[in-house]
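Working notes, beginning with the structure itself.
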Amino acid sequence: MVRKVVRGFYAVAYAVKLCRPAVICAYPITPQTEIVENLATMYANGELGNCQYITAESEFGAASILVGASATGARTFTATCSQGLILMSEVLWNAAGMRLPIVMVIANRSLSAPLSIWNDHQDSMAMRDACIIQVYVENNQEAHDMIPQAYKIAENKDVMLPFMVCMDGYKLTHAYEPVDLLEQETVDSFLPPYDPPIKLTTKDPLTFGCYAPPHCYMEFRVVMQRAMMRAKKVMEEVFKEWAELTGRNWGGLIATDYMDNAETAVVAMGSVVGLVREVVEEMRKDGKKVGLVKIRSFRPFPTEELRKVMKDVENIVVFERAVSFGYEGPVSIDLKSALFGHSNAKVYSFAVGLGGRDIPRDLIRKCINNAIEGKVDEGFHFEGVKEFEEVII
Amino acid sequence: MKFFFSSGHGACPGCSLPIAVKNVLYALEGKCFVVNPTGCLEIISSQYDRSAWGVPYIHSVFENAAAVAAGIDAALKALGRKDEGHVVVFAGDGATADIGIGCLSGMFDRNHDVLYICLDNEAYQNTGNQQSGLTPPGSNTTTTPAGKILPGKIGRKKDMVAFALAHKIPYVATASVAYPNDIRRKVKRAVEFEGAKYIQILCPCVTGWGINSNETIKVARLAVETALYPIVEYENGELVRVRKIKERKPVEEYLKIQRRFRHLFKHPKGREIIEELQRIADENAKRFGLDE
Ligand SMILES: Cc1ncc(C[n+]2csc(CCOP(=O)(O)OP(=O)(O)O)c2C)c(N)n1
Ligand code: SF4
Ligand SMILES: [Mg+2]
């Protein structure tokens, strides 16, 4: 293993290379672009073996090319975010229904309008219901490590679903961090070549993407839901295997810190977890019974894990990086429904850092303290917003 | 006997799509991967548990067939499986010339080894005859209906042959289901070229065009004999062959047997449209030297 200070985009591109994908599709969008650029350099230098690197005409085309390639039995990769992800969405729903284990990195970025190239989770949240596995990573080592695990989970015959590795745009993609880069042999020993029993081949002609009248459509949806639920177990197993193989244990569908005897649980996803953990640590030193719950897998949703860990808490503080407009933050919506009937905790949900707005340490501390001290109402709040006057014309 | 496209599919009686498909598959001896976007052909042939396809087949969505085909091409190359067969797209005119034109341009531009066949029935037929970019002027569709003021579609049929040629792909041709031998020959010729190939086949639609189900071939032939649908063949950008017309027929003969054009014979602006169509036919005849 070599430890190197690298940027996030390189850490994931390098991990993708080690997974020996057969077809990669590229379409530029900030701040994802450097991921596919790094892969292009590797391709140009002959480092990707027999891989076909395709420059698509759009993200919609990129996703579609991967549908064809994956159905033909190829291991596939692409990366995108924001407008690109939304443009792909029709195809991604289709890929999930066809049970194609396409792996992609989402360099999380906000959605237009207004146009913003900066980070929040609105883009991947918009794909929440598409039957695509969504894992959010905290730092670039976790992003690097997640790529081989993503393939192994997605390609498991009990799962066979697309996989989105969500890493915060700029905050992670462009951050320099020391990363223990995996060795080829390590990845080869962990990830077998992709050889699905069912694929497009003239040796055994099959029909993919049939249409289903009402008398048979529902069963397809039933097995998609089952695959998502089975993925929970597969993920736990793969995460454990990874920890044993590399010595890096990132946890299960969730990861917790200081949750023993915690009265207040703070929930977050993605790169903000690092900051929240530091604040929780400081508050613990001040004698406050606060703990951290990092949600790693948003889909499938860690319902049982959250119920277990939240059993005795009194307050739950959720840091949201997106909004379900007309309701509240998507994480707390799901969290509350998971806990319904299992907990009487008060849930405070704070949307922070939308469109890349800075998330200062003091803001995190203030939100948690206000919740503990009952200085804010339960429910949904935007935090870190300027005083301004809305003009209705 | 091994089938490539079996009977028992759900096409309307007299539909020309199966004729085109069977001839293409026959020419390739079934050694191919088929990509088919949403549309009539997909709906009549790919219902769960009763697929008509005896070759590997994939339908993804309406506007991405060219990209899906590109992905299959890439995968076959990466996996060293190119010898398994050709990659063929069967796409409607709407899927090709309108909603899927971005993906088509990308596939042409990257010059994937794909034979793209546009089954041109001159409207969105699966959704019930709405106009597409390949609907000819004057056609009465449900989104360009002939009304008191408007005489059906205003505007011309998109020139997809020119679009394909602009991408400098090695093989571009048109055909008509009236001439199945020609379809088979062109398909065989097309796959001799490495890279992207485009063949646009005129495929009359019984319901949308309003023709008798036993007149599909007659109509498909008249389109050619009036020079409204010139049959051309380009190799590496050079026009190498055209189907000559012995005695060119006036466009009225083609128009009057189709319900979609019938209003032109009584509509105040009908004459104008008929003259426009005749002008288009004359231009085609001159441009391609169709008259024998
Ligand atoms: C994104 C999207 N828009 C609209 C549709 C509805 N739709 C399905 S098939 C079709 C028409 C197909 O027309 P064409 O490609 O010409 O094929 P045809 O049925 O005429 O053979 C339309 C509009 C769809 N499936 N997807
Ligand atoms: S609507 Fe037209 S194209 Fe569609 S199946 Fe019927 S005849 Fe064929
Ligand atoms: Mg059509």
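Here is how names work: the chains are called A, B, and so on, in the same order as the sequence lines, proteins then strands, and each is numbered from 1.
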- [ ] Find out whether A:Thr72 and B:Leu76 are in side-chain contact, i.e. whether some heavy atom of one side chain is under 4.5 Å from a heavy atom of the other.
- [x] yes
- [ ] For the pair A:Thr201 and B:Glu84, evaluate side-chain contact (heavy atoms from CB on, under 4.5 Å) and give the outcome as yes or no after the intermediate values.
- [x] CA-CA 7 Å; A:Thr201 167; B:Glu84 267 194 41; 2.9 Å; yes
Task: Atom CZ of B:Phe163: over 12 foreign heavy atoms under 6.0 Å - done: yes
Task: B:Asn64 CG to A:Ser58 OG distance, which is reported to the nearest 0.5 Å - done: 9.5 Å
Open item on the list: As an exercise: rank A:Thr76, A:Val91, A:Thr55, A:Leu66 by heavy-atom pairs under 4.5 Å with chain B and give me the winner.
Closed with: A:Thr55
Open item on the list: Apply side-chain contact (heavy atoms from CB on, under 4.5 Å) to residues A:Met98 and B:Ile58 and explain how you reach the verdict.
Closed with: CA-CA 10 Å; A:Met98 271 199 266; B:Ile58 184 169; 4.0 Å; yes
Open item on the list: Whether the side chain of A:Asn94 engages the backbone of B:Ser60 through a donor-acceptor N/O pair (distance < 3.5 Å, no angle test) should be reported.
Closed with: yes
Open item on the list: Main chain of A:Ile54, side chain of B:Arg110: is a donor-acceptor contact present, judged purely on distance under 3.5 Å?
Closed with: no
Open item on the list: With a sphere of 6.0 Å drawn around NZ of B:Lys188, does it hold more than 12 non-hydrogen atoms of other residues, nucleotides or ligands?
Closed with: yes
Task: Beyond-backbone contact of A:Glu57 with B:Met107, side-chain heavy atoms, under 4.5 angstrom - done: no
Open item on the list: Please rank B:Gly80, B:Ala52, B:Ala78 by heavy-atom pairs under 4.5 Å with chain A and give me the top one.
Closed with: B:Ala78
Task: Derivation and outcome, side-chain contact (heavy atoms from CB on, under 4.5 Å), residues B:Leu79 and A:Tyr194 - done: CA-CA 11 Å; B:Leu79 302 171; A:Tyr194 180 51; over 6 Å; no
Open item on the list: Could you go through A:Phe220 and B:Tyr48, starting from their C-alpha distance and side-chain angles, then the distance that decides it, and tell me whether this counts as side-chain contact (heavy atoms from CB on, under 4.5 Å)?
Closed with: CA-CA 11 Å; A:Phe220 283 91; B:Tyr48 176 64; 3.5 Å; yes
Open item on the list: Quick check for you: among A:Ala74, A:Ala69, A:Ala71, which has the greatest number of heavy-atom pairs under 4.5 Å with chain B?
Closed with: A:Ala69
Open item on the list: Heavy-atom pairs under 4.5 Å with chain B: which of A:Val67, A:Leu206, A:Asp204 has the most?
Closed with: A:Leu206
Task: Portion of B:Arg81 that has a non-hydrogen atom of chain A nearer than 4.5 angstrom - done: side chain
Task: Candidates A:Pro213, A:Cys210, A:Cys216 - the one meeting side-chain contact (heavy atoms from CB on, under 4.5 Å) with B:Gln47 - done: A:Pro213
Task: Whether B:His59 side chain and A:Gly209 backbone form a donor-acceptor pair below 3.5 Å - done: yes
Open item on the list: Among A:Ser64, A:Cys25, A:Ala95, which residue has the highest count of heavy-atom pairs closer than 4.5 Å to chain B?
Closed with: A:Ser64
TODO: Mind checking the CZ-OG spacing from A:Phe208 to B:Ser46? Nearest 0.5 Å is all I need.
DONE: 13.5 Å
